[in-house]
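Proteins come first, then strands; the chains are lettered A, B, ... in the order of their sequence lines, and each starts at number 1.
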Amino acid sequence: AQSVTQPDIHITVSEGASLELRCNYSYGATPYLFWYVQSPGQGLQLLLKYFSGDTLVQGIKGFEAEFKRSQSSFNLRKPSVHWSDAAEYFCAVGFKAAGNKLTFGGGTRVLVKP
Amino acid sequence: ETGVTQTPRHLVMGMTNKKSLKCEQHLGHNAMYWYKQSAKKPLELMFVYSLEERVENNSVPSRFSPECPNSSHLFLHLHTLQPEDSALYLCASSHRTGNTIYFGEGSWLTVV
């Protein structure tokens with residue numbers, strides 16, 4: 001069965017420091033990959049997505065993610081975190097044969113220290 | 001700001017009540033979804049509608065009843081819910097043949 005793993009439940013980072021959130025997936029086919037962010041009390045906002053092509057994708061709010069097929073990973077990065085980046089981040093995976101059904105990871109909650 | 005609008009944002013209901021959640025999308029999409037987000041659990045896909053036809057029912061109890069009258073509107077009718085149904089219910093939409101799903105702000109449901 002397909003699965004998505006976000007190994008880190010919580011991450012605390014200082015404002016201005018770099019951030020990397022991990023995402024690993026288990027799929028037989030070439031996946032579509034997404035990162036969403038959820039601020040407290042809000043819905044999910046799409047940060048970025050990967051379908052094909054360049055394995056390094058740029059998203060909104062200064063985030064980027066890199067698809068590594070050999071590692072079945074799609075890690076999210078930001079060079080310098082702002083206090084407003086405190087939120088929960090979800091990795092999601094879909095694949096063509098499943099239409100638009102996404103499988104989500106459990107999420108990583110990011111806390112930003114002043 | 002989101003192209004998917006959900007109402008109400010917060011709802012408290014008793015176990016014997018009947019209520020409905022409403023979702024409206026302004027993105028020109030033709031597929032809509034209901035997801036459930038509970039504490040400490042991954043997002044769960046509940047229902048999928050494509051061109052107003054239900055194409056997915058992910059083993060959801062019958063006390064949840066979806067309705068999609070047109071491609072812009074989606075409802076989730078609730079009756080005789082249980083306290084464990086308390087959660088954030090997220091509506092989403094996409095193009096039927098597209099790959100990107102856009103979410104609303106969610107409706108917080110508390111069953112007392």
Consider only side-chain heavy atoms of I, L, V, M, F, W and Y, link residues closer than 4.5 Å, and tell whether [X] and [Y] are in one cluster.
X	Y	value
B:Met32	B:Tyr102	no
A:Trp35	A:Ile60	yes
A:Phe104	B:Val60	no
B:Phe103	B:Leu11	no

Quick check for you: to the nearest 0.5 Å, what is the distance between [X] atom [atom1] and [Y] atom [atom2]?
X	Y	atom1	atom2	answer
B:Gln37	A:Phe90	CD	CZ	4.5 Å
B:Leu90	A:Gln38	CG	CD	6.5 Å
A:Phe34	B:Ile101	CZ	CD1	7.0 Å

> Closest heavy-atom contact between B:Leu88 and A:Gln42?
Replying inline: CD2-O, 4.1 Å

> Of the non-hydrogen atoms in B:Pro42 and A:Gly105, which two are nearest, and what is the gap between them?
Replying inline: CB-O, 4.2 Å

>> Can you confirm whether A:Leu111 is buried at CG, in the sense that more than 12 heavy atoms of other residues, nucleotides or ligands lie under 6.0 Å from that atom?
In response: yes

>> If you count every heavy atom of other residues, nucleotides or ligands that lies below 6.0 Å from B:Glu53 atom CD, does the total exceed 12?
In response: no

> Where does A:Leu44 contact chain B at under 4.5 Å (heavy atoms): side chain, backbone, both or neither?
Replying inline: both

> Quick one: does A:Leu102's side chain get under 4.5 Å of B:Tyr33's, heavy atoms only?
Replying inline: no

